[in-house]
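One structure below.
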Amino acid sequence: MSTGALPGFRDFYPEQFAQRAWLFERWRDVARRFGFVEYDGPPLEPLDLYTKKSGDEIVGQLYNFEDKGGRQVALRPEMTPTVARMVAARANALRKPVRWFSIPQLFRYERQQKGRLREHFQLNVDIFGESDVAADAELLAVACEIMRACGLGPDDVVARVSDRRLLTALVRGAGVADEAIPAVFAAVDKIERESQDALVKKMTDGGVPASAAGRVLELVRASDVEQLRTEYAGDGEVIAALERFDAYAELLGAHGVRDYLRLDLTIVRGLAYYTGIVFELFDAKGEFRAVCGGGRYDNLLAALGGVDMPALGFGLGDVVLGELLKARGKMPSGAAAIEFWVAPVETTHRLSAIEVARRLRADGLSVEYPLKAQTLSKQLKAAQAAGARRVVFVGDAFLERGEVEVKDFATGQQQASTLHLLALRAQEHA
RNA sequence: GUGGCCGUAGCUCAAUUGGUUAGAGCACCGGACUGUGGCUCCGGGGGUUGGGGGUUCAAGUCCCCUCGGUCACCCCA
């Protein structure tokens, strides 16, 4: 075997590149319709940008090295520290709320597995400077509309949503001390991967009373709004959190994406910095990893940049979404397609054919013609292979009257036309 | 970083279980069907059987190492 790309990295041949471009177009289109503007930052950052936030242990997951100037650097594994720095640097000058998005290529040094490579593209959508729950709803609406733009409806994708404040209130209400709450979060985060006994032990080791541990797991698994409302009727903190979720759901109804929504208190998100509503999008059949994840992290900018500003955002990678779309038959083939193949009828018409191609190209149409002398039979085959919709025959009629014959592959019909009419018709169909 | 499974042409797979020069379909290139595609037919290029070492008269096949793929664990931007 010849040496291919590095492990976990991808070559994008035109077919794959077309699919990637198709995805990016949908991401950008939806983000712009929601008023978000695009930014970017450096793909290479100082290593301590990540160790300050996540600790030294993440270095093992990073593509890091020492550059020729002796600096410790890393290929960016996530966009959040970069965007936090950028926003913090101009915190006072930026119009609030800040609505930004980016499509960075991110890197991690890990063994690859299904849905996780060492490199991927991730749409990042963030809102800074707004603490109202309407911002949370706006954010999830963007994610859901992107699913819809890719052909994935509420039957294909579910948005599992939780609120760390609600979970915290429930846990307190069950009699757990504040110091033990992180242990509860850690256990709930693993609820699908570990046994009941292991989860309970994890919590009791963290100072959670055994009775409360079992109760919390029950409540989280049920994730039933009405049950919580009746059982915690006297608990103001829980009721307030439930009311916030009601408002959130109502807003999503107005956004037209409520059918995607499902309260699911097992969603915690691994990162410690989330402070409010958190969510993950999954395929409805549960075959794949999370397609998208995010939430509110109101304290992060203060921690990273010293600027106190509420913030929320999500990341949506190209790998899992691409796998899901392919599995559901929603991903276009990526096959090349052009508008016209210009065919010189005889070799004496080659210069005329190039002139015809030039004029169609000037009208913005995609045009190919044979770069060597070929019989018409060959040209028609080549035209099909190139994905041409129509063939323009350039012969004596062009020299005499400026006319060409146009054959439409879809209908098989052929008729005489002038170049002007040809360009007009093609643009109408485009 | 740890473990399971798997590496034969660009792709999907054969090779009588250790036995001549590793084959086929698809794809690609060329040709025939003699001014109009899809079909059909003919031909061609393309492999250090991932790489290295070992056992053997003989290795794609058995053994070891290594690299890569894949799935899971760890972790989760």
Side-chain angles (χ1 to χ4, degrees), chain A residues 1-11 13 15 45 49-51 53-55 57-63 74-84 102 104-124 126 186 189-190 193-194 267-274 278 280 287-290 292-295 297 300 313-320 323 335 341 343-349 372-396 405-415:
Chain A
M1 280 297 149
S2 59
T3 308
L6 285 168
F9 286 77
R10 298 170 287 175
D11 286 328
Y13 285 84
E15 189 180 328
E45 291 276 20
L49 182 65
Y50 305 110
T51 54
K53 175 187 151 207
S54 309
E57 59 276 14
I58 69 148
V59 174
Q61 323 264 5
L62 297 179
Y63 250 102
L75 291 169
R76 60 187 174 195
E78 56 166 326
M79 201 57 175
T80 304
T82 300
V83 70
S102 188
Q105 188 174 22
L106 305 178
F107 306 86
R108 63 176 148 230
Y109 198 87
E110 285 183 338
R111 270 204 169 183
Q112 66 167 312
Q113 52 187 297
K114 185 178 172 61
R116 300 194 78 187
L117 306 174
R118 286 182 167 179
E119 146 276 321
H120 72 150
F121 291 91
Q122 188 188 64
L123 171 68
N124 276 249
D126 293 278
D189 193 33
K190 298 261 189 284
R193 288 195 293 272
E194 291 187 13
I267 298 296
V268 173
R269 305 281 298 152
L271 294 173
Y273 59 67
Y274 287 105
V278 290
E280 293 186 354
E287 292 172 29
F288 299 89
R289 296 170 179 281
C292 167
Y297 45 95
L300 188 69
F314 71 78
L316 166 63
D318 69 314
V319 178
V320 177
E323 285 175 352
W341 178 278
V345 174
E346 301 283 354
T347 53
T348 52
H349 301 120
K372 64 180 177 185
Q374 278 186 318
T375 64
L376 283 181
S377 174
K378 275 273 189 234
Q379 290 198 53
L380 284 160
K381 283 176 186 161
Q384 275 219 295
R389 293 185 201 172
R390 302 180 189 81
V391 174
V392 181
F393 295 97
V394 179
D396 290 337
E405 292 273 324
V406 184
K407 183 186 187 77
D408 188 309
F409 272 134
T411 63
Q413 289 182 341
Q414 183 171 326
Q415 57 184 356

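Chain naming here is simple, since letters A, B, ... match the order of the sequence lines and numbering starts at 1 in each.
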**Request:** Both distances under 3.5 Å, Watson-Crick or G-U wobble: on that basis, could you give the dot-bracket string for RNA chain B, with [ ] for crossing pairs and | for other-strand partners?
**Result:** (((((((..((((.....[...)))).(((((.......))))).....(((((..]....))))))))))))....
**Message:** With nearest nucleotide decided by heavy atoms, which residue, A:Gln122 or A:Gln384, maps closer to the 5′ end of RNA chain B?
**Reply:** A:Gln384
**Prompt:** Given the P atoms of B:G31 and B:G45, what is the spacing between them in whole Å?
**Reply:** 16 Å
**Message:** Output the rounded distance in Å from NZ (A:Lys407) to C1' (B:U36).
**Reply:** 6 Å
**Request:** Classify the nucleic acid contact of A:Arg76 as base, sugar-phosphate or nothing, counting any heavy atom under 4.0 Å across all strands shown.
**Result:** nothing
**Prompt:** Quick one: do the A:Gln415 and A:Glu405 side chains pair a donor with an acceptor below 3.5 Å?
**Reply:** no
**Message:** What's A:Gln61 touching, base or sugar-phosphate or nothing? Going by heavy atoms closer than 4.0 Å.
**Reply:** sugar-phosphate
**Asked** Quick check, are the ring centers of A:Phe9 and A:Tyr63 under 6.0 angstrom apart?
**Response** yes
**Request:** Round to a whole Å and report the spacing from CD of A:Glu110 to P of B:U70.
**Result:** 14 Å
**Message:** Regarding A:Gln414 and A:Arg390, do their side chains bring together a donor and an acceptor under 3.5 Å, going by distance alone?
**Reply:** no
**Complete:** Taking for A:Tyr109 and for A:Ala410 the nucleotide of RNA chain B with the nearest heavy atom, the one nearer the 5' end belongs to A:Tyr109
**Fill in**
Classified by glycosidic angle (syn within 90° of 0, else anti), B:U17 comes out syn
Can you name the atoms? Protein N/O to nucleotides 65-69 of chain B N/O, anything below 3.5 Å, with the distance.
residue : atom : partner  : partner atom : Å
B:G69   : OP1  : A:Gln112 : NE2          : 3.2

**Message:** Are more than 12 heavy atoms, taken from residues, nucleotides or ligands other than A:Tyr109, located less than 6.0 Å from that residue's OH atom?
**Reply:** no
Hey, what are the protein-to-nucleotides 32-35 of chain B N/O distances that come in under 3.5 Å?
residue : atom : partner  : partner atom : Å
B:G35   : O6   : A:Glu346 : OE2          : 2.8

